[in-house]
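Accompanying notes for the structure given below.
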Amino acid sequence: MSTKHIEAVIAPPAPHYVGDGFRVHNFIPSAAHLSMRRMSPFILMDYNSKFNFPPSAKPKGVGVHPHRGFETVTIAYKGKVAHHDSAGNSGVIGEGEVQWMTAASGILHKEYHEEEFSKTGGDFQMVQLWVNLPAKDKLSKPKYQGLTKENIPVVQLSDNAGTIEIIAGQYQGVKGAAFTFTPVHLQNAKLNKGGKAAFSFPATYNTALLIVEGNVKVNGAETATTDQFVLFQNDGEEFTIEALDNAIVLVLSGEPIHEPIATQGPFVMNTRAELVEAIDDYNMGKFGYLE
Ligand code: MN
């Protein structure tokens with residue numbers, strides 16, 4: 001086993017709005033180093049850094065829109081998000097919870113601030129990841145996994161270092177909550193000041209950290225601060241995170257899908273012809289109906 005060294009520590013790009021409810025920094029694919037191919041299977045990461053939304057009578061968010069060919073994973077750190085889709089699934093996630101939506105063959109959905117949260121307003125902090133699907137699963141049946149606090153396994157670290165919440169993959173042999181089509185590790189390290197956690201993922205997996213809260217030292221050397229993104233080289237397996245103050249770090253590592261990527265807006269396929277087909281199917285109403 002050898003060390004996974006840091007390739008780059010990346011500051012959040014300037015934010016933009018998705019709909020009127022998500023003020024996001026797009027790390028993947030628009031920041032330097034973070035192309036879809038480089039980060040596969042993670043093909044998009046929008047990060048709504050902590051932002052205070054004022055009270056609103058009408059929930060802010062994104063109206064009905066389609067997806068095909070991948071999964072959207074929304075992780076809530078502050079505030080609450082509601083989801084409705086054309087497969088009849090809906091749910092609300094709050095702090096520490098995750099929506100894992102498999103769009104696959106095609107879905108319409110809408111994503112809004114939850115009604116009560118909208119009325120009171122407050123701090124809002126979220127991550128949305130798009131996880132690509134391999135060609136053989138792109139047209140599989142849509143699926144929804146609402147991961148609540150009750151079903152996300154938690155590993156308690158020794159020495160009161162903190163906890164690891166396992167959304168997907170595994171940590172110290174404990175399996176995560178989500179079903180994934182290809183190997184994906186997605187974990188929240190919640191570390192107390194001075195707490196340290198060690199991780200090991202295959203060198204070939206694309207691996208990164210998002211510093212959601214606090215400041216950390218990686219591999220005992222390099223410091224990363226709140227809202228920064230840490231990209232690892234594909235050169236070794238092991239790395240450590242040490243919290244310089246109470247910290248929350250999103251840890252992501254996944255086996256790359258070595259297939260062509262053809263993308264247009266909300267569709268991610270393998271070829272141009274499949275994109276044309278996706279748009280035709282959407283226009284013909286094959287993604288179902290959602291008000
Ligand atoms: Mn969406």
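Numbering of ligands and ligand atoms starts at 1, following listing order. These figures come from a predicted structure and were not determined experimentally.
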Kindly say whether the aromatic ring centers of F232 and F239 come within a distance under 6.0 Å. yes

According to the ring-ring contact (aromatic ring centres under 6.0 Å, His included) rule, which pairs have a member within residues 247-276, sequence neighbours left out? none

Apply the hydrophobic cluster definition, ILVMFWY joined by side-chain contacts under 4.5 Å directly or through others, and give me every member besides F70. M36, I43, L44, W130, I261, V268

Are more than 12 heavy atoms from other residues, nucleotides or ligands located less than 6.0 Å from atom NZ of K110? yes

Around the Mn ion (ligand 1), number of protein N/O/S atoms which are nearer than 2.8 Å: 4

Report, one line per pair, each donor and acceptor closer than 3.5 Å where one atom sits in a side chain of residues 275-290; sequence neighbours left out.
from: D281; atom 1: OD2; to: R68; atom 2: NH1; distance (Å): 3.2
from: D281; atom 1: OD2; to: R68; atom 2: NH2; distance (Å): 3.0
from: N283; atom 1: ND2; to: I279; atom 2: O; distance (Å): 3.3

Would you give the length of the straight line joining atom CG of N215 to atom OG1 of T226, rounded to the nearest 0.5 angstrom? 4.5 Å

